[in-house]
Protein chains: 2
Amino acid sequence: MPTIADIAKYAAVSPAVVSRVINRDPTLRVSDETRERVNRAVDALDFTPNAAARALRSSKSGLIAFVVHDVTNPVYGEVLRGAQMTASQSGNALLISEASNSGDRASRLVELVGGRGVDGLILQADGGISDLILARAARERVSTVLLQAELDVPAHLLRLPDKTAAAMATSHLVDLGHREIACVATEAGLSFTERRAAGWRAVLKSAHMNNGDDRIAYCPTSIENGRKTTVSLLSGAPTITAVVCFNFVTALGAVKGIRELGWRVPEDISVVTIHDLAVAEFLETPLTAVRMPLFAMGTRAVELILRRSFATGAESVIDDPKPQLIVRRSSAPPRC
Amino acid sequence: MPTIADIAKYAAVSPAVVSRVINRDPTLRVSDETRERVNRAVDALDFTPNAAARALRSSKSGLIAFVVHDVTNPVYGEVLRGAQMTASQSGNALLISEASNSGDRASRLVELVGGRGVDGLILQADGGISDLILARAARERVSTVLLQAELDVPAHLLRLPDKTAAAMATSHLVDLGHREIACVATEAGLSFTERRAAGWRAVLKSAHMNNGDDRIAYCPTSIENGRKTTVSLLSGAPTITAVVCFNFVTALGAVKGIRELGWRVPEDISVVTIHDLAVAEFLETPLTAVRMPLFAMGTRAVELILRRSFATGAESVIDDPKPQLIVRRSSAPPRC
DNA sequence: TTCTATTGGTAAAACAATTTACCAAAGGTT
DNA sequence: AACCTTTGGTAAATTGTTTTACCAATAGAA
């Protein structure tokens with residue numbers, strides 16, 4: 001555990017010079033010969049600067065917290081990977097926190113943010129965004145990025161082209177000839193749910209189709225919720241021939257429910273979902289899905305934080321790459 | 001950004017007392033009345049101790065690094081969740097690092113470990129365990145847990161009941177009447193691969209069956225590798241009627257490959273895999289799988305680190321809950 | 001009354017870096 | 001020769017907490 005002072009002694013310079021060399025400060029001058037000596041000392045003693053001391057003095061921890069609802073949800077995987085790559089390329093690290101429940105964790109998060117334990121904060125819309133944390137982050141000037149949320153807070157808002165994606169999914173079904181298209185939405189009240197619902201409604205309206213409230217049902221993301229919701233939706237309106245799901249996981253449940261009711265996919269009911277995952281093509285009925293730029297959302301979120309900008313309420317949409325419809329076997333023309 | 005000094009002033013005590021109160025040090029004495037005053041001050045000023053200063057003085061960062069090969073691999077999800085829960089329950093946080101490639105990242109990890117940026121290190125066997133990092137961790141007394149590895153290093157070795165699991169999968173096929181059982185293994189050279197292979201071989205041997213090298217093939221985990229490997233395995237030995245896969249992801253590829261060859265699962269070829277994921281039952285052919293105690297491995301890893309123990313080479317097996325065979329539709333008696 | 005323990009608290013020294021302010025020497029200008 | 005500027009470096013302050021060593025006051029015992 002050599003310190004900067006040991007290096008300084010070994011290289012016969014002062015600690016300040018060592019600091020300049022290892023931080024490659026371009027404005028401050030060190031002769032080539034001295035720099036060389038210091039570098040040799042660093043190698044010889046196998047020196048790594050102490051993270052805590054550095055963070056204390058410079059008030060930069062090099063850490064970014066990523067808060068999700070459920071780490072096992074594969075949809076976050078891609079976002080996480082994008083964030084992770086961008087972060088580590090710039091010498092930062094990513095801290096994962098599951099905010100799903102208990103107050104314990106929320107308070108641990110407050111400590112991290114309040115104590116300047118992290119430089120940035122990335123919050124997923126369904127990760128239980130707490131006002132406490134947002135307020136704290138703003139006060140401490142911890143730059144914050146909200147994913148898929150729509151709040152009036154001093155943070156960057158980053159979102160996906162949800163309306164477009166839902167419209168693409170719905171249009172695909174309309175093009176196939178469906179006239180009764182139901183919708184298994186994500187949790188009500190979340191802004192991305194509303195945007196996707198708007199996309200679904202817009203397409204149905206322009207095709208002069210029934211888009212009443214008896215055609216859409218909202219539920220939190222889980223296989224079981226998807227199943228239950230689909231069953232009650234289809235039981236209530238037997239003329240429905242297609243379903244748009246707002247999440248891959250609920251789509252799995254939807255297919256399960258349709259089969260329980262004695263129908264087949266896609267012969268009796270077509271299913272199209274938002275979010276395309278690798279397993280989609282290995283399912284009993286490979287799912288037609290709209291691929292979203294999740295990876296790009298992850299990279300963009302970290303970029304914003306590294307830029308240390310604090311745009312208040314500036315909302316931007318990730319649309320590169322654009323959402324893309326992947327047609328597989330779960331969608332077909334309606335029967336008869 | 002109030003400091004401990006501000007609290008001290010507000011509560012009319014010295015900083016040392018504030019420190020004792022917020023750290024709830026039971027051995028050191030503070031009168032109830034003073035404690036109350038300090039707590040009021042903390043609330044009034046909305047104080048959170050500075051993480052960096054605390055880490056610097058106490059040389060504990062409250063951070064544990066979890067290094068995996070690929071964050072999108074769903075098999076890690078469960079391990080991660082177990083680790084995450086245990087960590088946050090004790091006021092620690094988890095840092096995710098993808099060690100898959102580039103030297104950049106490896107060096108960032110060295111900085112974290114070398115600079116005492118983390119208290120503990122959890123390394124997945126296929127996460128590219130670098131000697132550099134292990135040496136550094138040992139020198140800095142960062143307690144380290146190796147998952148599914150078998151190295152002679154000063155770290156805890158935690159592993160799954162791999163031999164048992166592979167034997168369970170293979171026995172299931174033998175019980176169904178299969179006499180020619182191939183094996184799509186994970187990467188050669190990894191210790192868990194060897195253990196699983198041993199389980200497969202043991203069952204075949206006790207059933208007096210062919211367990212030669214032309215029945216087993218090794219490949220890194222990916223859908224495509226699973227597909228290719230299975231195709232070449234089956235093409236070379238047409239009498240094979242069943243396949244044991246060592247990973248869920250390669251199993252997806254295996255099923256794909258079997259279909260490409262014009263065969264059906266399970267009518268022509270049965271497939272059993274190690275690792276059970278939620279999607280298993282939604283696949284075209286729901287996969288028979290051995291469920292492993294992944295969550296428990298995650299919790300155990302963090303517990304070991306929090307205990308700050310440095311057992312050298314002590315290997316322990318996670319066997320609670322025990323591995324469990326989940327029979328689905330991908331396994332059936334052989335044809336004729 | 002005097003002598004010890006105990007209680008409740010304080011002052012100041014770490015911890016290991018970054019950064020500001022300053023300084024000596026060398027080189028260039030008039 | 002006197003003066004200014006640049007170069008390359010140093011000493012010391014700063015960051016916010018924990019912890020050690022110490023001290024005053026009170027209580028209890030002899």
Side-chain angles (χ1 to χ4, degrees), chain A residues 1-39 41-42 45-62 91 111-112 114-117 119 140-141, chain B residues 1-39 41-42 45-62 91 111-119 140-141:
Chain A
M1 42 166 203
T3 74
I4 207 172
D6 299 326
I7 305 299
K9 198 170 294 177
Y10 189 99
V13 291
S14 74
V17 172
V18 178
S19 175
R20 287 182 196 164
V21 172
I22 60 183
N23 292 306
R24 293 187 189 72
D25 190 328
T27 69
L28 291 172
R29 50 269 146 122
V30 176
S31 73
D32 288 352
E33 189 236 319
T34 309
R35 183 192 317 281
E36 195 44 46
R37 258 206 340 274
V38 170
N39 281 330
V42 167
L45 301 184
D46 211 9
F47 170 72
T48 312
N50 179 297
R54 178 175 266 187
L56 176 57
R57 182 60 233 243
S58 62
S59 53
K60 275 175 202 162
S61 64
E111 269 179 44
L112 279 171
R116 295 214 43 77
D119 295 343
E140 307 264 353
R141 298 194 68 69
Chain B
M1 42 168 202
T3 73
I4 207 172
D6 299 326
I7 306 300
K9 198 169 295 175
Y10 188 100
V13 293
S14 73
V17 173
V18 178
S19 174
R20 285 180 197 166
V21 172
I22 59 182
N23 293 306
R24 293 188 185 70
D25 189 329
T27 68
L28 291 173
R29 49 269 147 123
V30 176
S31 73
D32 287 351
E33 189 236 323
T34 309
R35 184 192 317 282
E36 197 44 48
R37 257 206 341 275
V38 170
N39 282 329
V42 166
L45 301 184
D46 209 11
F47 169 72
T48 312
N50 179 296
R54 179 174 265 189
L56 175 59
R57 181 61 235 238
S58 63
S59 53
K60 275 175 204 164
S61 65
E111 268 179 45
L112 280 170
V113 173
R116 294 213 47 76
V118 299
D119 294 344
E140 306 265 350
R141 297 194 68 69

Point to revise | Listed nucleotide nearest any side-chain atom of B:Ala53, set C:dT18, D:dT18, D:dG16 | key: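 Nearest to the side chain of B:Ala53 among the choices is D:dG16.
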Review point. If you check every side-chain atom of A:Thr3, which of C:dT18, C:dA16, D:dT17 has the closest atom?
Key: C:dA16
Check your understanding: Is there side-chain contact between A:Arg54 and A:Ile4, with heavy atoms separated by less than 4.5 Å?
Key -> no
Nearest-Å distance for atom pair [atom1]/[atom2], residues [X] and [N]:
{"X": "B:Asp6", "N": "D:dG16", "atom1": "CG", "atom2": "P", "value": "9 Å"}
{"X": "B:Lys9", "N": "D:dT17", "atom1": "NZ", "atom2": "P", "value": "13 Å"}
{"X": "B:Ile4", "N": "D:dT14", "atom1": "CD1", "atom2": "P", "value": "19 Å"}
{"X": "B:Asn50", "N": "D:dG16", "atom1": "CG", "atom2": "C1'", "value": "6 Å"}
{"X": "A:Ile7", "N": "C:dA17", "atom1": "CD1", "atom2": "P", "value": "9 Å"}
{"X": "B:Met1", "N": "D:dG16", "atom1": "CE", "atom2": "P", "value": "7 Å"}
{"X": "A:Leu56", "N": "D:dT18", "atom1": "CG", "atom2": "P", "value": "12 Å"}
{"X": "B:Glu140", "N": "C:dA16", "atom1": "CD", "atom2": "P", "value": "11 Å"}

**Study point:** Interatomic spacing from CD in A:Glu140 to CG in B:Asp46 - rounded to 0.5 Å
**Key:**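 With rounding to 0.5 Å, CD (A:Glu140) is 8.5 Å from CG (B:Asp46).
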Point to revise | From CZ (A:Arg141) to OG (A:Ser59), nearest 0.5 Å | key: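 Atom-to-atom, A:Arg141:CZ and A:Ser59:OG are 12.0 Å apart.
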Review point. Can you tell me if B:Asp6 uses its side chain to pair, donor with acceptor, with the backbone of B:Thr3 under 3.5 Å?
Key: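 Confirmed, B:Asp6 side chain pairs with B:Thr3 backbone.
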Check your understanding: Any donor and acceptor pair, going by atom type alone, linking the side chain of A:Ser61 with main-chain N or O of A:Ala55 inside 3.5 Å?
Key ->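 No, because the side chain of A:Ser61 does not come within donor-acceptor range (under 3.5 Å) of the backbone of A:Ala55.
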Dump every N/O contact between nucleotides 6-12 of chain C and the protein below 3.5 Å, one line per pair.
{"residue": "C:dG8", "atom": "N7", "partner": "B:Arg29", "partner atom": "NE", "Å": "3.4"}
{"residue": "C:dG8", "atom": "O6", "partner": "B:Arg29", "partner atom": "NH2", "Å": "3.4"}
{"residue": "C:dG9", "atom": "OP1", "partner": "B:Ser31", "partner atom": "OG", "Å": "3.3"}
{"residue": "C:dG9", "atom": "OP1", "partner": "B:Thr34", "partner atom": "OG1", "Å": "2.2"}
{"residue": "C:dG9", "atom": "OP2", "partner": "B:Ser31", "partner atom": "N", "Å": "3.0"}
{"residue": "C:dG9", "atom": "OP2", "partner": "B:Thr34", "partner atom": "OG1", "Å": "3.3"}
{"residue": "C:dG9", "atom": "N7", "partner": "B:Arg20", "partner atom": "NH1", "Å": "3.2"}
{"residue": "C:dG9", "atom": "O6", "partner": "B:Arg29", "partner atom": "NH2", "Å": "3.1"}
{"residue": "C:dT10", "atom": "OP1", "partner": "B:Ser14", "partner atom": "N", "Å": "3.4"}
{"residue": "C:dT10", "atom": "OP2", "partner": "B:Ser14", "partner atom": "N", "Å": "2.7"}
{"residue": "C:dT10", "atom": "OP2", "partner": "B:Ser14", "partner atom": "OG", "Å": "2.8"}
{"residue": "C:dT10", "atom": "O4", "partner": "B:Arg20", "partner atom": "NH2", "Å": "2.9"}

Point to revise | With B:Val18, the side chain to side chain contact (heavy atoms under 4.5 Å, CB included) member among B:Val30, B:Asn23, B:Ile7, B:Asn39 | key: B:Ile7
Review point. Quick one: is A:Arg54 getting a side-chain N or O under 4.0 Å of the C:dT18 phosphate, OP1 or OP2?
Key: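 True: A:Arg54 side-chain N/O within range (under 4.0 Å) of C:dT18 OP1/OP2.
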Review point. If you find the nucleotide of DNA chain D closest to A:Asp32 and the one closest to B:Ala52, which residue's nucleotide is nearer the 5' end?
Key: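 So the residue in question is A:Asp32.
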Practice item. Classify the side chain of A:Arg57 and the base of D:dT15 as holding, or not holding, a donor-acceptor pair under 3.5 Å. Key: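 Side chain to base: no pair present.
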Exercise for review: Write down the atom of B:Pro2, the atom of B:Leu45, and the distance for their closest heavy-atom approach.
Suggested key: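 Shortest heavy-atom contact: CG-O, 3.4 Å.
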Point to revise | Shortest non-hydrogen separation from A:Ala41 to A:Tyr10 and the atoms involved | key: CB-CD2, 3.4 Å
Check your understanding: How bent is the helix from C:dT1-D:dA30 to C:dT30-D:dA1, comparing axes over its five end pairs at each side, to the nearest 10°?
Key ->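 Its terminal axes enclose an angle near 50°.
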Point to revise | Partners passing side chain to side chain donor-acceptor pair (under 3.5 Å) against A:Ser31 (at least two apart in sequence or in another chain) | key: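 Testing A:Ser31 for side chain to side chain donor-acceptor pair (under 3.5 Å), a comparison that skips the adjacent residues, returns A:Thr34.
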